[in-house]
Protein chains: 2
Amino acid sequence: MNEPHPTRPDYEAELRKTGVRITRPRKVILSILSDAGDHPDALEIFKRAVEIDSGISLSTVYRTMKLLEEIGAIHRHAFEGGPSRFEPAGEEHHDHLIDIETGDVIEFHSARIEELQEEIARELGYDIVRHRLELYGRKRRAGRSARGG
Amino acid sequence: MNEPHPTRPDYEAELRKTGVRITRPRKVILSILSDAGDHPDALEIFKRAVEIDSGISLSTVYRTMKLLEEIGAIHRHAFEGGPSRFEPAGEEHHDHLIDIETGDVIEFHSARIEELQEEIARELGYDIVRHRLELYGRKRRAGRSARGG
DNA sequence: AATGCAATTGCAAATCGTTTGCAATTAGAG
DNA sequence: CTCTAATTGCAAACGATTTGCAATTGCATT
Ligand SMILES: [Mn+2]
Ligand SMILES: [Mn+2]
Ligand SMILES: [Zn+2]
Ligand SMILES: [Zn+2]
């Protein structure tokens with residue numbers, strides 16, 4: 001076995017399938033995406049890429065992100081304020097909690113909320129094509145008020 | 001009686017209270033916001049303003065929107081794709097359903113979803129400071145599949 | 001392995017929404 | 001009416017992203 005990573009999508013295969021050339025810059029960017037545990041923006045991806053191959057340009061990062069987004073291989077998130085941030089599209093659907101102090105992104109999922117969204121849209125006569133649920137918050141200060149654990 | 005509008009916030013009062021000058025451009029912009037039933041962007045507000053007073057500049061619109069946002073008089077929404085869109089802050093909290101075909105914005109509110117968001121954040125050890133819930137959809141095509149009403 | 005050409009690249013310049021410096025204007029306190 | 005600080009319009013700057021273009025490269029073909 002020689003897949004790029006365990007439980008990570010095989011981007012190169014996905015690309016070839018779409019008739020897209022596997023170039024040096026793309027290889028680098030794809031590997032970065034594959035083992036990104038976070039939600040990096042284009043500039044961050046570019047920095048990590050330069051570390052591997054100094055010849056890569058920011059334009060190519062942008063172009064590649066757009067390409068990957070179009071073929072559905074990654075998701076683009078436009079969180080408040082900053083630039084777009086990306087993540088592999090492999091995982092199940094989830095929404096995000098953004099730590100407004102650190103910028104950290106925490107993933108969560110609520111089947112109940114998803115249902116309610118559908119219900120609301122239906123009542124309004126709409127079909128949901130996509131949605132965006134983002135919670136912006138800060139770590140609760142360690143000061144349990146009630147009988148907290 | 002001579003309030004600007006029924007059930008609409010009195011912006012001028014709110015501004016004076018903050019020690020801000022009531023200028024001609026501001027008066028115009030404020031009146032536009034007061035009776036905007038939609039969620040206009042800066043350029044749209046600018047166009048409506050020019051119709052009333054041709055001397056107004058787009059910069060002033062932007063500056064005024066920022067000012068109003070800072071004192072909490074309006075809310076800024078960065079819906080997918082387009083520029084920021086604004087609305088008076090008077091109403092109760094609500095979220096938005098955006099018609100991806102027309103750009104129309106429909107407001108809705110779900111107490112249940114709001115609760116669930118709180119619950120999720122709490123479990124993750126966070127306090128929600130603000131959130132964003134946007135549904136992007138299209139009008140359901142009038143073709144009831146099942147025993148629908 | 002060498003050829004050929006379309007796909008892809010890096011770079012610089014362009015784009016879009018928004019912000020900002022600055023000199024001219026104006027609100028509004030005295 | 002005076003005075004000054006706040007506000008304005010304008011043009012130039014901005015940050016993120018996209019694009020035109022000539023040079024390079026992947027890769028299907030000999
Ligand atoms: Mn995620
Ligand atoms: Mn609204
Ligand atoms: Zn969701
Ligand atoms: Zn809400």
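All chains are named by letter (A, B, ...) in the order of the sequence lines, taking the proteins before the strands, and each is independently numbered beginning at 1.
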Nearest-nucleotide comparison on DNA chain D, the residue closer to the 5′ end among B:S59 and B:P25
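Nearest-nucleotide comparison on DNA chain D picks B:P25.
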A:H77 and A:H94 aromatic ring geometry - parallel, tilted or perpendicular at 30°/60° bounds
tilted
Find the distance B:L68:CG to C:dT18:P and express it as a whole number of Å.
15 Å
Which sits closer to the 5' end of DNA chain C, A:T64 or B:K66, going by the nucleotide each is nearest to?
A:T64
Any donor-acceptor pair under 3.5 Å linking the side-chain atoms of B:H39 with those of B:E107?
yes
For a quick check of understanding: with a heavy-atom distance under 4.0 Å over all strands, which category does A:R26 fall into, base, sugar-phosphate or nothing?
sugar-phosphate
A:Y136 six-ring centre to B:R130 NZ/CZ under 6.0 Å and within 45° of normal:
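Yes, B:R130 sits over the ring of A:Y136.
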Close N/O contacts between protein and nucleotides 24-30 of chain C (under 3.5 Å):
unit_1 : atom_1 : unit_2 : atom_2 : d
C:dA27 : N3     : B:R21  : NH1    : 3.0
C:dG28 : OP1    : B:I22  : N      : 3.0

Does CZ in B:R138 sit with more than 12 non-hydrogen atoms of other residues, nucleotides or ligands closer than 6.0 Å?
no
Within residues 40-58 of chain B, which residues have any heavy atom lying less than 4.0 Å from an atom of DNA chain C?
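Correct list: empty, so none.
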Interface limits on DNA chain D, where chain B has a heavy atom under 4.0 Å of a nucleotide atom
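Going 5' to 3' along DNA chain D, contacts run D:dA5 to D:dA11.
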Carboxylate-amine/guanidinium proximity below 4.0 Å for [X] and [Y]:
| X | Y | result |
| --- | --- | --- |
| B:E115 | B:R112 | yes |
| B:D38 | B:R48 | yes |
| A:E134 | A:R132 | yes |

Does any N or O in the side chain of B:H109 come within less than 3.5 Å of the main-chain N or O of B:H93, such that one atom is a donor and the other an acceptor?
yes
Looking at A:Y126 and B:I98, would you say the former's side chain and the latter's main chain have a donor-acceptor pair under 3.5 Å?
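Side chain of A:Y126 to backbone of B:I98, a donor-acceptor pair under 3.5 Å: no, none is there.
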So A:S34 and A:S31, side chain to side chain donor-acceptor pair (under 3.5 Å) or not? Walk me through it.
CA-CA 5 Å; A:S34 284; A:S31 82; over 6 Å; no
